[in-house]
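Structure record follows, encoded as structure tokens.
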Protein chains: 2
Amino acid sequence: MANYSADLDGVLVALADPTRRHVVQALGRGPKRIGELARPFPMTLPSFMKHVRVLESSGLIRTQKSGRVRTCTLNRDRLALLDDWLAEQRSVWEARTDRLENVVTKEENP
Amino acid sequence: MANYSADLDGVLVALADPTRRHVVQALGRGPKRIGELARPFPMTLPSFMKHVRVLESSGLIRTQKSGRVRTCTLNRDRLALLDDWLAEQRSVWEARTDRLENVVTKEENP
DNA sequence: CGAATAGTTAGCCACAAGGCAAAGTATTCC
DNA sequence: GGAATACTTTGCCTTGTGGCTAACTATTCG
């Protein structure tokens with residue numbers, strides 16, 4: 001589990017920005033170099049690089065430099081953290097729904 | 001669909017904070033009044049209220065005042081936006097995996 | 001070698017986010 | 001009616017985020 005909450009926090013902070021979500025989506029189609037990734041966005045390269053670093057430090061992507069080119073890859077495992085959290089929430093309110101149904105049942109058959 | 005991206009943005013921004021995630025989790029167990037919700041957190045009420053407003057404007061919770069008490073309720077539909085986005089990502093990279101498998105297959109049977 | 005390419009570093013700026021204290025407004029209780 | 005309760009509003013402060021320009025450091029191509 002290794003600090004689930006802090007990790008989840010990083011992932012959510014990273015995804016709470018449209019540019020970064022677009023990058024995640026683009027990388028879903030396969031690895032890309034920085035320049036290629038940056039092209040669609042109306043911002044300078046240094047600004048774009050900040051987003052890349054946020055994504056990298058959240059663990060959502062990995063990057064690797066070979067020669068003068070840096071290539072980015074999506075790390076799908078990290079998105080599972082979100083799945084897990086959502087599942088947890090669902091389990092919380094399903095438990096509650098069950099309790100409510102018990103109440104209703106008891107009222108129906110007193 | 002009504003501006004899916006902006007809505008998703010609001011939801012993710014709201015969830016990208018541990019305090020607000022805890023509130024969502026607490027409300028999963030049922031509606032609660034502001035004071036009750038705020039109690040576990042080491043911050044003043046005005047600060048806490050800012051979080052409540054962020055959650056409310058993201059649509060993740062609804063609030064309603066009766067007398068001097070404001071009650072908060074979780075709006076589960078909003079979490080579905082996240083489910084949808086995750087499903088979309090999965091479909092993107094599953095499509096890619098399929099393409100890769102085609103390549104492998106072609107290489108195996110040239 | 002020299003020029004073009006691909007990032008990177010450094011430094012700056014504006015504004016949003018998250019926190020506080022203090023004072024204000026309804027409600028509700030005695 | 002007066003005191004206690006349950007938020008609300010105001011105003012302020014610090015830090016973090018996202019963006020820019022300009023200058024710098026490799027690589028690679030001709």
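Owing to the predicted nature of the structure, the values given are computational and were not obtained by experimental measurement.
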In whole angstrom, what separates [X]'s [atom1] from [N]'s [atom2]?
X	N	atom1	atom2	answer
B:I34	D:dT8	CD1	P	6 Å
B:K50	C:dC20	NZ	P	10 Å
B:L55	C:dA17	CG	C1'	14 Å
A:L45	D:dT21	CG	P	12 Å
B:R70	C:dT28	CZ	C1'	17 Å
B:R20	C:dG18	CZ	C1'	9 Å
B:R68	C:dT27	CZ	P	11 Å
B:R39	D:dT5	CZ	P	13 Å

> Who passes side chain to side chain donor-acceptor pair (under 3.5 Å) against A:T44, sequence neighbours left out?
Replying inline: A:S47

> If you measure from the Lys or Arg side-chain nitrogens to the Asp or Glu carboxylate oxygens, is any gap between B:K50 and B:D17 under 4.0 Å?
Replying inline: no

According to a strict under-4.0 Å criterion, is [X] in side-chain N/O contact with OP1 or OP2 of [N]?
X	N	result
A:H51	D:dG19	yes
A:S47	D:dC20	yes
B:T44	C:dC20	yes

Proximity to the side chain of [X] - top-ranked nucleotide from [options]:
X	options	value
B:R53	D:dT9, C:dG7, D:dC20	D:dT9
A:M49	C:dT8, D:dG18, D:dT8	C:dT8
A:P46	D:dG19, D:dC7, C:dT9	C:dT9

> Hey, which of these two, A:S66 or A:V54, hits DNA chain D nearer its 5' end, going by closest nucleotide?
Replying inline: A:V54

> With a 3.5 Å cut-off and just heavy-atom distances, do the side chain of A:K65 and the base of C:dG7 make a donor-acceptor pair?
Replying inline: no

State whether the side chain of [X] and the backbone N or O of [Y] hold a donor-acceptor pair below 3.5 Å, judged by distance alone.
X	Y	value
A:R78	A:S58	yes
B:R20	B:L15	no
B:N75	B:R62	no

